[in-house]
Amino acid sequence: MQRAPRMKRELQMLSTEPPPGITCWQSGDQTDDLRAQIIGGAETPYQGGLFSLEIKIPERYPFEPPKIRFLTPIYHPNIDNSGRICHDALKLPPKGAWRPSLNISTVLTSIQLLMGEPNPDDPLMADISSEFKYNKLLFMENARKWTEEHAVQKNLGAVENNKENNTQEQKTLPRKRDSLSAQQEMEERPQAAKKTCL
């Protein structure tokens with residue numbers, strides 16, 4: 001099986017030479033279930049945020065791309081409410097650009113770039129995409145608000161305090177949701193409003 005030795009090498013590389021602003025580790029003993037964190041880039045609405053991601057490695061990796069989704073809510077045209085990401089590197093050709101020569105590190109780096117440079121022409125969230133295209137200031141404001149609400153809290157204190165922060169976040173979530181009622185209305189629109197990126 002090619003996956004096991006390949007993942008061993010990749011995890012070693014990710015721990016010794018992680019890409020700037022990105023950390024990735026095994027979730028438990030399984031090399032096919034990983035977690036990652038991306039620090040929001042400077043001069044983007046995600047600055048100061050710490051975004052958690054889940055990475056599932058398929059049986060046929062590296063001939064199939066990893067399945068990656070955001071666990072931290074993020075306001076972005078190419079990332080939906082379930083955390084799914086619309087990105088070429090996560091899809092097989094002919095629609096996608098995944099190649100066995102790519103790895104977890106390069107894919108996480110390209111997701112970090114996508115955060116700073118959304119692609120409104122291939123959206124998962126049609127409403128956020130049109131906001132990005134036609135009302136950039138409102139998009140920036142909403143994305144910053146979501147970052148403060150969902151991603152900055154987890155950055156307070158060290159990662160060891162994560163459990164405490166998560167408990168606190170769950171208590172304050174209903175109040176946060178009220179303040180974002182406009183965005184929630186968008187989220188609850190029928191699926192037809194969203195283009196499926198497959």
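Scope of the values below: all heavy atoms of this structure, side chains included, with no hydrogens, waters or symmetry mates. Residues: numbered from 1 along the sequence shown.
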Donor-acceptor contact present, side-chain [X] to main-chain [Y], <3.5 Å:
{"X": "Y46", "Y": "Y75", "result": "yes"}
{"X": "D88", "Y": "A97", "result": "no"}
{"X": "Q112", "Y": "I22", "result": "no"}

* To do: Please work out which of the three classes, parallel, tilted or perpendicular, describes the rings of F51 and F70, given edges at 30° and 60°.
  =>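 Rings of F70 and F51: perpendicular, as their planes differ by over 60°.
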Just how far is it from atom CG of N142 to atom OG1 of T147, taken to the nearest 0.5 Å?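 These two atoms lie 10.5 Å from each other.
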On a heavy-atom basis, which atom in [X] and which in [Y] lie closest, and how many Å separate them?
{"X": "I55", "Y": "P66", "answer": "CG2-CB, 4.0 Å"}
{"X": "T72", "Y": "H150", "answer": "CG2-O, 3.7 Å"}
{"X": "C24", "Y": "I104", "answer": "SG-CG2, 4.2 Å"}

Residues forming a salt bridge (Lys or Arg N to Asp or Glu O under 4.0 Å) with [X], sequence neighbours excluded:
{"X": "R60", "result": "E64"}
{"X": "R99", "result": "none"}
{"X": "K8", "result": "none"}

Salt-bridge test for D32 and K56: reply yes if a basic N is under 4.0 Å from a carboxylate O, no otherwise.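 Looking at K56 together with D32, the answer is no, because their closest N to O distance does not fall below 4.0 Å.
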TODO: Output yes when E149 and K145 qualify as a salt bridge under the 4.0 Å nitrogen-oxygen rule, no when they do not.
DONE: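 No, E149 and K145 are not salt-bridged.
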| message | Could you walk me through whether I38 and M115 satisfy the side chain to side chain contact (heavy atoms under 4.5 Å, CB included) test, starting with their C-alpha distance in whole Å, then the side-chain angles of each, then the deciding distance to 0.1 Å, before giving a yes or no? | response | CA-CA 10 Å; I38 297 178; M115 285 169 71; 3.8 Å; yes
